[in-house]
Amino acid sequence: MTPFGNYLLDELLAEGGMARVYRARLRGVGGFEKPLVVKQILPSLAQDPRFVALFVEEAKTLVRLGHPHIVPVYELGVVDGTYFLAMEYVEGATLRDVLREGPLSPAAAAQLLGQVAEALDHAHARFALVHRDVTPRNVLVDLSGQARLVDFGIAAPAEGEAQRFGSPGYMAPEQLMGGTVDGRADLFALGALLFESLTGTPAFAGQGSEEARRRILVGEGPPLPPELPDELRRRGDALLDRSPAARPEDAATAARALRAFLARDRPEGAHREIVARVDAARHQSVPPAQPAPEPAREPTGATRTLATAEVLTRALAASEPPPRRPSSIPPGPTERLPVPD
C-alpha cells in the first residue's frame, strides 16, 4: 500500500508504454474508502510539454463522458509531478481473457460488440473523440455481462492530427500511415474485435507487428469462416475495409446492425452465455498481483486537481453519513489549473 495524494495504491495491475495502472482506494471523510483504478502517466511522457497539453485537454473531456458502456473517469490530477487519471474499478474480465477459452457465439459477439459500438457512438457524436486503441484488453465485461469500454487516455479530437498510438493488428490503415483519423478508424478496430470474437483468433495481431501492418495497409483482411451467418460476415467485411468510405457511416449504424442481428438470431439475448464466460475467465489461473512499488522519495501528498466529474462527488456523498461538520469532499466539475507550459 503506497500513499499517492488522496489515494492509496494497493497493487500494480499493468504497465505499458504510456502508463502504470494500479488498483487503488480513494480516502474520503469519516474513514470512507472507494475502490478505484489509478492510471499514472509515465515520467518520460510527462517531460514532453506537447503530450502533457494534449493529455490534459483530452482528460477534461473524458470526465464528461457518461455512458453505461464506458468506464467513467473521475479525476485528472497531478501528484509530485506525476499526472494521473482516477477511474471506476470494474469487477469482471477483459474481452481478451474471455476469448482465451475460445470464440463466442454469434449472438454473444453481436451483443457485446453492439454495446461497444454504442459507446463509440457516444464519444464520436457527443464529444468528437476517437478512441484509437479499441482492443480486447480495453473492453471490460463486468459481472452482469455488460461491455465497458476503457482507456480513452490516448483519444484525440476527431479529424485531428493522428499520432501512432495504438496496438498493432487493430489500427486502421489511415492510422498506421499517420494521417488524419475520424471515428471510422475505431470502426476498423471494431471489425477486428468482431473477427476475433467470432473465431477466437486475432484478425491481424497474430501475424507479428510488421506482417500485421503490411496486411492491413494492402487490405489483406482474413475472411470469416463460411459457416458463420452471412449477415455477420458481411458486417465484418465492411468494418475491415481498407477504405474508410466503405465502412459503415458511423458507430450508430454499426450498433443498429448488430442489435438487429441479435434480435433475429436470439431475441432473448446472450446474457447467460456472457456471464458464464466472464465467470470462467475470472477463475482461470492468473499471475499474482504485484504490490505497488515504494516511492523513490516520500511524496508530499499534495494533489493538484485539473478536472473532476460530478459522479465522484455523488458517489462519495451517497456512501457516507451526513457530516456534522464541513465536509472535505472534493467539489464538482472544476478546472483549477491552466494547462502547463
Side-chain angles (χ1 to χ4, degrees), residues 13-14 16 18-19 21 37 39 62 65 67-73 85 87-124 129-155 165-172 183 185-206 232 235-236 239-240 251 254-255 258-259 262 269-271 273-282 284 286:
L13 298 177
M18 292 186 61
V21 181
V37 168
K39 178 178 179 179
L62 298 185
L65 291 175
H67 191 274
H69 299 300
I70 295 177
V71 176
V73 173
L85 293 172
M87 61 194 75
E88 179 183 333
Y89 172 68
V90 177
E91 283 198 79
T94 66
L95 181 59
R96 179 175 62 180
D97 291 336
V98 169
L99 293 177
R100 283 176 179 159
E101 292 297 303
L104 298 171
S105 70
Q111 182 166 316
L112 284 177
L113 296 185
Q115 293 170 355
V116 173
E118 292 171 9
L120 290 172
D121 177 57
H122 177 75
H124 296 168
L129 283 178
V130 182
H131 189 289
R132 293 195 297 169
D133 198 25
V134 181
T135 67
R137 72 173 182 275
N138 284 334
V139 175
L140 308 182
V141 188
D142 66 24
L143 296 180
S144 67
Q146 300 295 305
R148 309 286 300 280
L149 187 59
V150 71
D151 205 359
F152 275 86
I154 64 170
F165 295 133
S167 301
Y170 300 93
M171 289 189 283
D186 286 342
L187 295 185
F188 183 92
L190 184 72
L193 288 191
L194 180 61
F195 183 98
E196 192 166 345
S197 297
L198 291 170
T199 66
T201 303
F204 303 100
L232 276 188
R235 302 298 180 190
L239 288 166
L240 286 174
L258 291 168
R259 286 197 304 267
L262 177 64
H271 176 78
E273 175 188 344
I274 294 169
V275 169
R277 291 293 296 267
V278 172
D279 185 64
R282 283 168 54 83
Q284 291 175 353
V286 295

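We find the CG-CG distance between Asn138 and Asp151 to be 4.5 Å, quoted to the nearest 0.5 Å. To the nearest 0.5 Å, atom CG of residue Leu194 and atom CG of residue Leu187 are 12.0 Å apart. Atoms CG and CG, on Leu104 and Leu113 in that order, are 8.0 Å from each other to the nearest 0.5 Å. The CG atom of Leu112 lies 10.0 Å from the CG atom of Leu262; values are rounded to the nearest 0.5 Å. Here the NE2-CG distance, from His131 to Leu190, works out to 12.0 Å after rounding to the nearest 0.5 Å. Remark: Glu196 CD to Thr201 OG1 distance equals 8.0 Å, nearest 0.5 Å.
Side chain of Glu273 to main chain of Ser105: a donor-acceptor pair is present (N/O by atom type, distance under 3.5 Å, no hydrogens or angles). Side-chain atoms of His271 do not come within 3.5 Å of backbone N or O of Gln146 as any donor-acceptor pair. Arg132 places no side-chain N or O within 3.5 Å of a backbone atom of Ala185 that could act as its donor or acceptor partner.
Considering all non-hydrogen atoms of both residues, Leu198 and Ala109 come closest at CD2-CB, 3.8 Å. In plain terms, the two heavy atoms of Gly92 and Leu143 that are nearest each other are CA-CD2, 4.0 Å. Of all non-hydrogen atoms in Leu65 and Ala123, the two that sit nearest each other are CD2-CA, 4.3 Å. Smallest separation of non-hydrogen atoms from Gly145 and Gln115: O-OE1, 4.3 Å. Residues Val134 and Ala189 share a closest heavy-atom pair of O-CB, 3.5 Å. Looking at every heavy atom in both residues, Ser197 comes nearest to Leu99 through CA-CD2, 3.9 Å.
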For the pair Val141 and Val275, evaluate side-chain contact (heavy atoms from CB on, under 4.5 Å) and give the outcome as yes or no after the intermediate values.
CA-CA 9 Å; Val141 188; Val275 169; over 6 Å; no

Under the side-chain contact (heavy atoms from CB on, under 4.5 Å) rule, what do Ile274 and Val98 come out as? Steps first, then yes or no, please.
CA-CA 9 Å; Ile274 294 169; Val98 169; over 6 Å; no

Worked check of side-chain contact (heavy atoms from CB on, under 4.5 Å) between Val90 and Val150:
CA-CA 10 Å; Val90 177; Val150 71; over 6 Å; no

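In this structure Ala192 satisfies the side-chain contact (heavy atoms from CB on, under 4.5 Å) test together with Tyr170, Leu240, sequence neighbours excluded. Here Gln111 pairs with nothing under the side chain to side chain donor-acceptor pair (under 3.5 Å) rule; sequence neighbours left out. The side chain to side chain donor-acceptor pair (under 3.5 Å) test applied to Thr199 returns no partner, not counting sequence neighbours. By the salt bridge (charged side-chain N to carboxylate O under 4.0 Å, His left out) test, Glu101 is found to be paired with no residue, residues two or more places apart in sequence or in another chain being considered. Taking Val139 as the reference, Leu95, Val116, Ala147, Leu149, Leu193 meet the side-chain contact (heavy atoms from CB on, under 4.5 Å) condition, with sequence neighbours excluded. Residues passing the salt bridge (charged side-chain N to carboxylate O under 4.0 Å, His left out) test with Arg96: none are found, sequence neighbours excluded. The side-chain contact (heavy atoms from CB on, under 4.5 Å) search around Pro103 returns none, not counting sequence neighbours. Here His122 pairs with His67, Phe127 under the ring pair (Phe, Tyr, Trp, His ring centres under 6.0 Å) rule; sequence neighbours left out.
Note on residues 135-145: pairs passing salt bridge (Lys or Arg N to Asp or Glu O under 4.0 Å), not counting sequence neighbours, are Asp133-Arg137, Asp142-Arg148. For residues 87-108, the set of pairs meeting the ring-ring contact (aromatic ring centres under 6.0 Å, His included) definition, not counting sequence neighbours, is empty.
The residues Asp97 and Arg100 are annotated as salt-bridged, a charged nitrogen and a carboxylate oxygen being separated by less than 4.0 angstrom.
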